[in-house]
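Source: prediction; values computed, not measured.
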Amino acid sequence: MNEDLLDLFIEESRELVTRAQDDLLALEANAGDAALLDSLFRAIHTLKGSVALFDWPPFAQMLHVAEDLLSAIRAGKKNLDSRSIDALGACISQTEIWLSTLEAQQNLPPDSAAIAAPVTRALKMALESDDRAPAPTDDDATHELISRARLRGAEVASPSFIVAYIPGRDSFMNGDDPVALAMAMPGLVEIDVRAREPWGSLDDYDPYACNLAITLLSSATRDALAAALSGVNGEIEITPTELTPAEVRPGEAAGSERRTLRVDAARIDALAHAIDEMIVAKNALSALAAESAQHSGEELGRRLRDQQATIGRLTARMHAALTSMRLMPISPTLRRLPRIARELGAKLGKSVDVVLECEVIEADKAMIDGLSEPLLHLVRNAMDHGVDNIDERRNAGKPARARIAISARRSGEQILIRIEDDGRGIDANRIRDVARQRALLPDAAIDALDDRAALDLIFLPGFSTASKV
């Protein structure tokens, strides 16, 4: 396995996981926010595409189903209900766990398929459900409660207990409050409250009958839980659950993964030397300051100015050293694009040769991180829209195999990245037709556009000429 590619994948994926966690948490409070939903979808979609570069079928399948679920929610075919949020949270949490495993072991654990199975099953159930979620099974309940607890940053101790509590039908009539009772359980970590049976029609609804099924995760002892539940009306089952090391991360909040940089040791040494010299200069300046209290004169002023100039030079060196520590080579980000283009070409039935030309260029890490998704989008567009199929190429007198060239070079103080294909190009008239069909501009304004101005319409948000995605 290519270690550079794996390191880049882990680094980018951690930020995507953080973004997905933040978006999902925000969606719990505002499920109708389309921008948050789109952001979550893009994070999962990009993660799925990145995982596809490696041979991890359980990982890829899990993210694929998560993407399908989000697609259905975005299309309005499903509501973003609690089941969907729980399933997506479990998926994101499992992704985060596996990133740590990959960083330590360079591969998924041997039982990854078994680990992924309940998460994938929960995602499928959320996708196929009619938004009326039955009470979970014991195994699913344990996994879901742990995932939800970790999603909001709660600590999960080992051993813990799962309490399944089905209140009696007459609980309300007896003056009981099952939810308040469950919330008062000792060591409560997470709770799940669902309908025991699907709600019937409004005509059949009995407001006095308790139809709840409550499942909770507690870190208290069995004796403490049994004492708290003594005399409670209903069915109660207390089950110990031994958590795996991957599921227990005391004191670490979900989404609090520290961001790291891989820095050349020589750069660290240069910064350390600059700091040592600055300390010497600072001490010398302190001595001169003490001396100035007793003496004055031109010689003392000159020596003070010399020390000030020395500290100024060292400060500049430290700034340059710190800046260089954030620099990363741009080539790893570009190296994964040829493989993506070839894999996409195989799916689309298009043969393509990808040429990569990249100078030795370094840029700030934040800039490189921001480039990854736009470049991936450009390559996909080149394959989908630009590159013509084999018959079209032959009829146009072109080689059967298309060519995509990816290059990066310096242009003054800027970096110029170019992605070119030898496909059909962009038809300005087609752009005008799509803009007219979607009423992006008045017809008169569209007719007045020259070809160059018409081509600029492709930069409008959501614009696409694709008839099939």
Side-chain angles (χ1 to χ4, degrees), residues 33-39 41-43 45-46 49 71 74-76 330 333-334 337-338 340-341 344-345 347-357 363 367 369-469:
D33 192 321
L36 284 172
L37 186 58
D38 288 345
S39 177
F41 174 83
R42 286 195 300 271
H45 175 73
T46 305
S71 295
R74 291 173 81 210
I330 199 172
T333 299
L334 300 182
L337 297 177
I340 291 171
L344 187 56
K347 293 179 181 178
L348 297 174
K350 299 176 180 179
S351 300
V352 61
D353 292 321
V354 182
V355 179
L356 178 61
E357 297 176 0
M367 181 185 297
D369 289 346
L371 279 174
S372 179
E373 198 167 334
L375 291 178
L376 184 61
H377 187 69
L378 284 174
V379 169
R380 285 174 173 164
N381 272 0
M383 289 299 305
D384 195 17
H385 297 283
V387 172
D388 28 19
N389 60 45
I390 294 177
D391 292 337
E392 289 175 332
R393 294 182 64 83
R394 285 173 178 163
N395 293 336
K398 298 178 184 178
R401 294 183 67 84
R403 182 179 185 273
I404 292 181
I406 304 170
S407 64
R409 62 179 179 83
R410 291 193 177 277
S411 178
E413 294 191 358
Q414 297 180 325
I415 299 173
L416 179 62
I417 300 177
R418 189 186 300 271
I419 296 178
E420 300 175 284
D421 65 75
D422 64 349
R424 60 174 70 92
I426 304 177
D427 185 349
N429 289 328
R430 172 67 175 147
I431 298 295
R432 292 188 184 94
D433 290 341
V434 172
R436 188 174 286 108
Q437 291 167 9
R438 301 189 179 184
L440 298 178
L441 292 172
D443 288 350
I446 293 174
D447 293 335
L449 295 175
D450 59 21
D451 285 354
R452 182 58 182 266
L455 294 181
D456 285 343
L457 293 177
I458 67 173
F459 297 108
L460 291 175
F463 184 91
S464 177
T465 59
S467 58
K468 180 181 179 182
V469 178

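Contact of the H385 side chain with the N381 side chain is registered, since non-hydrogen atoms from C-beta on lie closer than 4.5 Å. With contacts defined as side-chain heavy-atom distances shorter than 4.5 Å, the pair L348/V387 does not qualify. Residues T46 and E373 form a side-chain contact, since some pair of their non-hydrogen atoms from C-beta on lies under 4.5 Å apart.
Listed for the K398 side chain is no donor-acceptor partner under 3.5 Å among the backbone atoms of D388. Looking only at distances, a side-chain donor or acceptor of R401 sits under 3.5 Å from a matching main-chain atom of V352. In terms of modelled atom types and a separation under 3.5 Å, the side chain of K350 and the main chain of A402 share no donor-acceptor contact.
In plain terms, the two heavy atoms of A363 and I415 that are nearest each other are CB-CD1, 3.9 Å. The shortest heavy-atom contact between V354 and A341 is CG2-CB, 3.8 Å. The two residues S351 and I390 make their nearest non-hydrogen contact at OG-CD1, 4.1 Å. The two residues A382 and D421 come nearest to each other via the heavy atoms CB-OD2, 3.7 Å.
Not counting sequence neighbours, the partners of D451 by the salt bridge (Lys or Arg N to Asp or Glu O under 4.0 Å) test are R432. Residues forming a salt bridge (Lys or Arg N to Asp or Glu O under 4.0 Å) with D433 (at least two apart in sequence, or on another chain): R436. In this view, A43 and L16, R19, A20 satisfy the side-chain contact (heavy atoms from CB on, under 4.5 Å) rule, not counting sequence neighbours. Partners of L371 under the side-chain contact (heavy atoms from CB on, under 4.5 Å) rule, at least two apart in sequence or in another chain, are I330, L375, I417. Applying the salt bridge (Lys or Arg N to Asp or Glu O under 4.0 Å) criterion to E392, with sequence neighbours excluded, gives R424. Annotation: salt bridge (Lys or Arg N to Asp or Glu O under 4.0 Å) contacts of R403 (sequence neighbours excluded): none.
Summarising the geometry, atom CD1 belonging to I404 is positioned 5.0 Å from atom CE belonging to M383; distances are rounded to the nearest 0.5 Å. Atom CG in L457 sits 7.0 Å away from atom CD1 in I446 (nearest 0.5 Å). Taking CG from L334 and CD1 from I406, the interatomic distance works out to 7.0 Å, rounded to the nearest 0.5 Å.
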